Amino acid sequence: AVVFTPTPNVVETRLFNALAVGENMSRFAFDVNVAFLNAESTEEERIPVRMPEGCRKYCPKTGQELYGLLKKNLYGSPLAPKNWAKCRDQFMRELNQRDGWTVKQMNYAPCMWSIDIDNGGTTERTYVLIHTDDIDGITRNPAHGVAIKDAFDKRFGVKVVDPRFMLGNERKLYEIDGVRYCHVTQVGKIEEVWEEFGKHCEQVRKLDRPCVNFDFVSAAGQPLGVNEAERDDVIQRGYRGLIGGLLWPARNSTPGIQTAVSRLCRCMQQPSYKAWTAALQVLQWLYHNREEGITFRSDGNQQLRCYYDSGHYQREVDDEGRQDYKNTYGFVIYWYNGPISWASKRHDHVGLSAPEDEYMALGHAGREVVWLRNLLAEMGLEQYLQEPTIIEGDNLQANRWASSDLITTGNKFIERDYFKVKEWIEAGYLEPRHVPGKENPADLLTKIVDVPTQQHLGPWLSGKKMLNEPGPALKDMRP
């Protein structure tokens with residue numbers, strides 16, 4: 001807690017992409033020069049420094065060597081990010097003192113700020129997202145972006161950068177037949193990883209899916225069949241660096257590899273040859289699909305849409321004969337037809353039936369949706385919250401459990417935490433609906449699918465294909 005410094009969630013960055021294309025906002029970006037050196041240290045944080053030879057001084061009375069006292073912040077200090085964030089945020093609050101400016105920090109995303117600037121009697125809003133010392137902004141008035149940049153420049157000194165690029169993401173804005181698009185890719189990053197590890201691929205070819213099996217890990221999350229020599233050899237080849245290179249696209253621009261990468265991460269301490277081969281396959285698929293990325297479009301859904309899914313009975317047996325029944329769930333949330341949030345994780349609890357696993361997945365997806373709704377409300381974007389968020393799954397029983405007070409032998413023992421979703425439904429935040437499994441893009445976040453399913457659902461997952469209209473409300477469906 002002493003050195004904690006908040007940083008933006010990647011979901012917040014994608015939310016900016018969707019909002020900018022949906023409301024036709026302009027982008028701006030700049031870096032703060034040597035940001036950490038602008039911050040002061042508190043008295044108890046100051047560090048004694050021995051002067052270099054030739055600059056040393058001594059006490060005239062005792063002859064003892066005198067030391068300097070570092071009063072400012074310093075790169076490399078554990079406290080440096082915290083002190084810079086404190087300095088930066090104080091500066092942001094001081095902008096409220098400017099005539100016609102109103103600055104607000106988001107509670108649900110503390111690195112996001114709204115800045116209202118009076119423009120001749122009309123207030124126009126700008127949003128900035130601060131990645132330590134990289135400022136990413138969207139505005140309805142480009143002149144206001146310049147004014148914010150100038151304020152930072154006067155106080156700290158800044159370097160203006162191309163807003164198309166932020167933290168390895170390239171964001172291409174274009175328009176076709178009156179529809180605005182934002183296409184997010186990480187071509188440069190993926191090519192860097194390929195340059196380093198692609199040489200290990202025995203046969204370079206375009207693959208139909210990111211991964212063909214998960215035979216490198218048990219359902220209990222333990223690598224299979226790994227001895228010390230094999231582990232050391234795979235680590236020496238660069239397994240950890242390869243997974244690190246895959247993680248960034250999986251989290252930012254390529255949800256299609258999230259399921260495989262999540263499992264590969266479980267092998268970081270005990271990687272096997274099977275895990276190495278699977279990681280190279282993911283890399284090969286990623287490289288040949290590096291231009292796909294994710295896409296937002298201005299004619300897409302203005303109300304949040306969510307799909308969720310869960311596996312069931314994904315049982316495997318490890319080398320010691322142990323069984324594990326914690327299945328994998330996934331969800332993806334869309335705004336302006338592009339995915340702004342997704343996840344592929346193992347359940348915390350064992351599901352005794354498919355409806356129970358799906359009900360738990362609904363609970364996890366619901367938490368993310370409610371956070372996004374709260375954030376949009378705090379941003380002053382209530383127009384996007386006029387209706388409950390439709391949250392679609394392919395298990396009717398799970399949806400009915402969430403939408404009614406039905407207690408049966410199948411759900412009366414479910415942990416209390418998962419019943420929170422019923423409260424959100426009653427409050428009008430969520431509305432569960434049914435989607436056929438073959439039309440559920442979240443299916444790709446729970447397991448390996450066959451090639452036809454990958455080709456059918458993949459374009460939906462990335463936002464390349466327009467979402468279908470939601471299915472009918474549960475009350476309108478036949479029992």
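What you see is a predicted model; the values in this text were computed from it and never measured.
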Rounded to the nearest 0.5 Å, the CE atom of Met106 sits from the SG atom of Cys111 at a distance of 12.0 Å
Around atom CZ of Arg240, are there more than 12 heavy atoms from other residues, nucleotides or ligands closer than 6.0 Å?
yes
Nearest heavy atoms of Gly178 and Ser298, plus distance in Å
O-OG, 4.4 Å
Over 60° means perpendicular and under 30° means parallel, so tell me whether Tyr334 and Tyr307 are parallel, tilted or perpendicular.
perpendicular
Side-chain touch Trp460/Met466, heavy atoms, less than 4.5 angstrom
no
With rounding to the nearest 0.5 Å, note down the distance linking CD in Glu40 to NZ in Lys71.
9.0 Å
Less than 6.0 Å separating the ring centroids of Tyr308 and Trp342?
no
In terms of side-chain geometry, is the basic nitrogen of Asp31 or Lys159 positioned less than 4.0 Å from the acidic oxygen of its partner?
no
Checking Ser262 side chain against Gln258 main chain: does a donor-acceptor pair fall under 3.5 Å?
yes
Taking the six-membered ring of Phe91, is NZ or CZ of Arg88 closer than 6.0 Å to its centre and within 45° of its axis?
no
Do the two ring centres, one from Phe296 and one from Tyr181, sit under 6.0 Å apart?
no
Does Thr139 form a side-chain hydrogen bond (donor to acceptor under 3.5 Å, both in side chains) with Arg27? I'd like the steps, not just the answer.
CA-CA 6 Å; Thr139 181; Arg27 308 203 74 135; over 6 Å; no
Separation between CD1 (Ile235) and CE (Met268), nearest 0.5 Å, reads 9.5 Å
Using the side chain to side chain donor-acceptor pair (under 3.5 Å) rule, collect all pairs that involve residues 383-393, keeping only residues at least two apart or in two chains.
Glu23-Gln383, Glu23-Tyr384, Arg305-Glu392, Tyr336-Tyr384, Arg373-Thr389
Could you give the distance from CD (Glu378) to OG (Ser114), rounded to the nearest 0.5 Å?
8.5 Å
Audit row: Met166, Asp134, side chain to side chain contact (heavy atoms under 4.5 Å, CB included) steps and yes/no
CA-CA 8 Å; Met166 181 60 63; Asp134 297 318; 4.0 Å; yes
Under the salt bridge (Lys or Arg N to Asp or Glu O under 4.0 Å) test, which residues partner Asp150, sequence neighbours left out?
none
Polar side-chain atom of Arg180 near backbone of Val21 as donor-acceptor pair, under 3.5 Å
yes
Are side-chain heavy atoms of Ile117 and Thr123 found at a separation under 4.5 Å?
no
Check step by step if side chain to side chain contact (heavy atoms under 4.5 Å, CB included) holds for Gln284 and Gln281.
CA-CA 5 Å; Gln284 194 163 188; Gln281 180 179 342; 5.6 Å; no
Is the Phe28 ring parallel, tilted or perpendicular to the Phe30 ring (thresholds 30°, 60°)?
parallel
In terms of side-chain geometry, is the basic nitrogen of Lys104 or Asp116 positioned less than 4.0 Å from the acidic oxygen of its partner?
no
Before accepting this row, confirm whether a basic side-chain N of the pair Asp394/Arg433 lies closer than 4.0 Å to the acidic partner's carboxylate O.
no
I'd like to know whether Lys57 forms a salt bridge (Lys or Arg N to Asp or Glu O under 4.0 Å) with Glu65, so could you lay out the CA-CA distance, the side-chain angles of the two residues, the decisive distance to 0.1 Å, and finally the verdict.
CA-CA 6 Å; Lys57 296 182 179 181; Glu65 183 178 347; over 6 Å; no
side-chain hydrogen bond (donor to acceptor under 3.5 Å, both in side chains) between Ser253 and Gln186, worked out:
CA-CA 7 Å; Ser253 64; Gln186 292 180 287; 2.7 Å; yes
Under 3.5 Å donor-acceptor, Asn83 side chain and Ala39 backbone
no
Show your working on side chain to side chain contact (heavy atoms under 4.5 Å, CB included) between Lys82 and Glu45 and close with a plain yes or no.
CA-CA 12 Å; Lys82 178 187 74 83; Glu45 295 170 347; 3.4 Å; yes
Say whether Arg290 and Thr254, considering side chains only, have a donor N or O and an acceptor N or O under 3.5 Å apart.
no
Test item: Thr259 and Thr446 side chains (from C-beta on) under 4.5 Å apart, heavy atoms:
no
Can you tell me how far the SG atom of Cys211 sits from the CD1 atom of Ile257, to the nearest 0.5 Å?
11.0 Å
Are the side chain of Asn289 and the backbone N or O of Trp285 linked by a donor-acceptor pair below 3.5 Å?
yes
Return yes if a side-chain donor-acceptor contact under 3.5 Å exists between Asp208 and Gln454, otherwise no.
no
Min side-chain heavy-atom separation Trp276-Leu264 under 4.5 Å
no
So, the side chain of Ser41 versus the backbone of Arg46: is there a donor-acceptor pair under 3.5 Å, distance only?
no
Which atom pairs, donor and acceptor, lie under 3.5 Å between side-chain atoms of residues 362-371 and protein residues at least two apart or in another chain?
{"residue": "Glu368", "atom": "OE2", "partner": "Ser341", "partner atom": "OG", "Å": "2.8"}
{"residue": "Trp371", "atom": "NE1", "partner": "Tyr108", "partner atom": "O", "Å": "3.0"}

Exam field: side chain Trp84 to backbone Leu37, donor-acceptor pair closer than 3.5 Å:
no
Decide side-chain hydrogen bond (donor to acceptor under 3.5 Å, both in side chains) for Asn119 and Arg140; before the verdict, give the C-alpha distance in whole Å, the side-chain angles of both, and the deciding distance to 0.1 Å.
CA-CA 11 Å; Asn119 187 34; Arg140 294 181 175 86; over 6 Å; no
Are any of the side-chain heavy atoms of Asp309 and Leu445 separated by less than 4.5 Å?
no
Distance col, row Ile190:CD1 vs Thr185:OG1, nearest 0.5 angstrom, shows 7.5 Å
Salt-bridged, Glu292 to Lys464, with N to O below 4.0 Å?
no
Closest non-hydrogen atom pair, Leu242 against Ala279
CD2-CB, 3.6 Å
Answer yes if the side chains of Gln105 and Arg93 hold a donor-acceptor pair under 3.5 Å, and no otherwise.
yes
Taking the six-membered ring for Trp, are Phe156 and Phe152 parallel (under 30°), tilted (30 to 60°) or perpendicular (over 60°)?
tilted
Exactly one of Val184, Ile294, Asn9 should register a side-chain contact (heavy atoms from CB on, under 4.5 Å) with Arg14. Which one does?
Ile294
Side-chain (Lys447) to main-chain (Leu444) donor-acceptor, under 3.5 angstrom:
no
Test salt bridge (Lys or Arg N to Asp or Glu O under 4.0 Å) on Arg171 and Asp136; report intermediate values, then the result.
CA-CA 12 Å; Arg171 308 171 298 193; Asp136 188 18; 2.8 Å; yes
A side-chain contact here means heavy atoms from C-beta on lying under 4.5 Å apart; do Ile135 and Val158 qualify?
no
Stepwise side chain to side chain contact (heavy atoms under 4.5 Å, CB included) check, Tyr287 with Leu207:
CA-CA 10 Å; Tyr287 177 73; Leu207 305 175; over 6 Å; no
Taking the side chain as every heavy atom from C-beta outward, state whether Pro339 and Leu461 have any atom pair closer than 4.5 Å.
no
State, with a plain yes or no, whether a side-chain heavy atom of Glu94 is found less than 4.5 Å away from one of Arg155.
no
Quick check against the 3.5 Å criterion: does Trp335 have a side-chain atom that pairs as donor or acceptor with the backbone of Gln303?
no
